[in-house]
Amino acid sequence: MSLAEGKSLMYEAQRALVNAQAHGFVAASRTCLQCGATLSIRAKHTIRYRTVFGKVTIDSPQLRVCKCSQDTTSKSCSPLALVLPRRVSPELEYLQVKWAAHLPYAVATTLLKETLPVDQAISTSGVRNRVWVVGQELDDAAEKAIRGERAYPPTDSKVKIVALAVDSAWLRHRPSRQEQDEAKLAQYYPSKRLPSNGRHVNIIAGRAVHEDGRCKVYGYVNWEVTSAATRLNHFLSEQGAAQDQKITIVSDGAGEFEKAVDGSQRPLTRILDWFHIAMKFRAIEQSAQKFPDLWAPNGRLVQDEIASAKWLTWHGKGAEAVERLKSIYDMLDLTPEDAAYRALSWNLRGTYWYLESNARYLINYGWRYRRGMPISSSIAESAVNEVVSLRCAKKRQMRWTNKGAHLLVQVRVAVLNGELKMRDMPDRRRNLAEQKHDDHWECVA
């Protein structure tokens, strides 16, 4: 049997099954559950229901409301339309959203069309709209928890977060339709000009490493949330971390980090990651290789002095390392101007300024490394790569609106954390005889 024949067979089987289930549901709905009277049909129409095996047309009659009903606002209702408000099966919605979180919308649509008989059931814009709907629901659930309208999972003393890393990424920005209309309006009414969002979308992504090795990620667009600190607190509360648990955050010296954690009520300890420090020392070492016979003010070779400053930083003696780098920089500043010294002088200045500006975040990296504790923000870099780059940026010249990127990130985070769940199927409605039979046995029990 060919693939096309298999698709056709599954579609016909699905169509017969769905129509039979819909007919039974409508037949059960025609009996009033209060008085047992049969409801008359006021009108007939059809609805189109999308499933993983194709689009099915279902008869959906409109029934008159029983006279015994206390609701006088409506005279008729369509029970099948009420129980299927989305017109899409939970399985198809789940597959659309999950694959769109990994692949571009057009590629995900093509993949589903090639493997399932859904040629007429889905489209690229439809997949995007599904992602937006699910992403908005996830975002609303997070906001409800932040406002206290939904309880967090109970805290667990066994949940220990070894390290938390936060980093940011930038995507090319595309103005939304509303922003384009406002820009056109501002051409004629300059007083209505709104502040620009910028030419890039700023996404914050982070990863929490648990003591047992498990990792969880989170992300959001900075423009689309009311408070970055509350998002961080929400993420930690969802993990079951206690409010008084001390958490170490590994980050670089970028300014975006301050926006992500400022205002948090949790006891957070920030350390400067070793990766960026090592990269800056590597730039100095490469520049100093051109001067193997250059002597430092203390009588040692410059290359040996730079290596010594690096290991002083590794062992938590950042202040002493800064002084040694400064002395070499001052020595080069007094020498006659030579183009050969510019690169070395520039790298020395950038490194000691970086260490001096983040001196309060320098620690004994060797002590943490020997105990197997994270010392680098590579977990944050990998979180950005996993949450953002693999789907939104890397090798793909895409432009994003703030809302579109934010909702997609919510869905992708849920997929990566294994938290994306399929919707529940609508319950089959019981007729009056089945309800009386069940009530009888409940009374006997």
Side-chain angles (χ1 to χ4, degrees), residues 162-170 207 209 248-258 269-385 389:
V162 178
L164 175 67
V166 182
D167 204 351
S168 64
W170 298 87
R207 183 192 299 273
V209 181
T248 301
I249 300 184
V250 186
S251 71
D252 55 8
E256 290 80 12
F257 173 82
E258 303 294 341
T269 303
R270 178 186 175 186
I271 65 174
L272 193 66
D273 76 296
W274 176 254
F275 173 76
H276 288 81
I277 297 175
M279 292 301 295
K280 290 187 176 296
F281 272 104
R282 179 60 178 165
I284 301 177
E285 292 170 349
Q286 290 178 342
S287 301
Q289 288 178 356
K290 300 178 181 179
F291 313 103
D293 299 328
L294 185 63
W295 297 88
N298 60 357
R300 299 179 62 189
L301 290 174
V302 168
Q303 293 183 350
D304 296 339
E305 194 71 1
I306 292 173
S308 178
K310 178 180 179 179
W311 293 116
L312 284 172
T313 308
W314 172 260
H315 292 292
K317 301 178 182 180
E320 187 175 350
V322 169
E323 292 299 326
R324 296 198 180 193
L325 295 178
K326 274 187 174 181
S327 64
I328 300 175
Y329 174 77
D330 293 338
M331 179 195 70
L332 295 177
D333 194 33
L334 296 176
T335 58
E337 184 176 355
D338 188 350
Y341 291 104
R342 290 178 183 175
L344 178 59
S345 177
W346 176 267
N347 291 328
L348 282 169
R349 179 183 178 184
T351 303
Y352 84 71
W353 179 86
Y354 181 76
L355 296 176
E356 194 173 32
S357 302
N358 299 280
R360 53 181 175 171
Y361 306 128
L362 297 176
I363 60 167
N364 191 333
Y365 296 95
W367 183 88
R368 286 182 62 91
Y369 178 77
R370 289 189 294 271
R371 284 157 180 78
M373 304 171 69
I375 61 173
S376 173
S377 65
S378 59
I379 54 177
E381 303 288 346
S382 63
V384 170
N385 189 55
S389 297

- Message: Evaluate Leu164 against Thr248 for side chain to side chain contact (heavy atoms under 4.5 Å, CB included), listing each step before the verdict.
- Response: CA-CA 6 Å; Leu164 175 67; Thr248 301; over 6 Å; no
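- Residues passing the side chain to side chain donor-acceptor pair (under 3.5 Å) test with Glu320, sequence neighbours excluded: Arg324.
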- Applying side chain to side chain contact (heavy atoms under 4.5 Å, CB included), run through Ile375 and Trp314 and close with a yes or a no. CA-CA 10 Å; Ile375 61 173; Trp314 172 260; 3.7 Å; yes
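- Atom CZ of Arg368 sits in a crowded spot, with more than 12 heavy atoms from other residues, nucleotides or ligands closer than 6.0 Å.
- For the pairing with Arg270, the side-chain contact (heavy atoms from CB on, under 4.5 Å) check across Val166, Ile363, Asn358 returns one residue only, Asn358.
- For the atom pair Ile284 CD1 and Arg349 CZ, the distance stands at 13.5 Å (nearest 0.5 Å).
- We find the CG-CZ distance between Asp167 and Arg207 to be 11.5 Å, quoted to the nearest 0.5 Å.
- The shortest non-hydrogen separation linking Ala321 to Ala309 is CB-O, 3.3 Å.
- Counting all heavy atoms, side chain and backbone alike, Val250 lies closest to Ala163 at CG2-CB, 4.4 Å.
- Two residues are said to be in side-chain contact when any heavy atoms from C-beta on lie closer than 4.5 Å; Ile328 and Leu294 fail this criterion.
- Within the 4.5 Å cutoff, no side-chain heavy atoms of Val302 are placed close to those of Trp295.
- Annotation for Ile306 and Ala288: closest pair CD1-CB, 3.8 Å, computed over non-hydrogen atoms.
- Aromatic ring pairs are classed by plane angle as parallel below 30°, tilted from 30° to 60° and perpendicular above 60°; the pair His315 and Trp311 is tilted.
- Taking NZ from Lys317 and CD from Glu323, the interatomic distance works out to 14.5 Å, rounded to the nearest 0.5 Å.
- No donor-acceptor distance shorter than 3.5 angstrom exists from the side chain of Trp274 to the backbone of Leu272, with no hydrogens or angles considered.
- Looking only at distances, no side-chain donor or acceptor of Glu285 sits under 3.5 Å from a matching main-chain atom of Ala307.
- Here the OH-CH2 distance, from Tyr329 to Trp346, works out to 9.0 Å after rounding to the nearest 0.5 Å.
- Lys326 is linked by a salt bridge (Lys or Arg N to Asp or Glu O under 4.0 Å) to Glu356, counting only residues two or more places apart in sequence or in another chain.
- Interatomic distance, CG of Leu325 versus CG of Asp330, reported as 11.0 Å (0.5 Å rounding).
- Taking OH of Tyr365 as the reference point, atom OG1 of Thr313 lies at 8.0 Å (rounded to 0.5 Å).
- Contact between Gly318 and Leu362 at its shortest, heavy atoms only, is CA-CD1, 3.9 Å.
- The backbone N or O of Asp304 lies less than 3.5 Å from no partner atom in the side chain of Ser308, so there is not a single donor-acceptor pair.
- Here the rule is side-chain contact (heavy atoms from CB on, under 4.5 Å) with Lys280, and of Leu348, Thr351, Leu355 only Thr351 fits it.
- The two residues Asp273 and Ile277 come nearest to each other via the heavy atoms O-CG1, 3.5 Å.
- Evaluation of the salt bridge (Lys or Arg N to Asp or Glu O under 4.0 Å) rule for Arg300 yields Glu305 as partners, not counting sequence neighbours.
- For Leu301 against Pro292, the heavy-atom pair with the smallest separation is CD2-O, 3.7 Å.
- Side-chain contact between Phe291 and Leu344: present, with at least one pair of heavy atoms (C-beta onward) separated by less than 4.5 Å.
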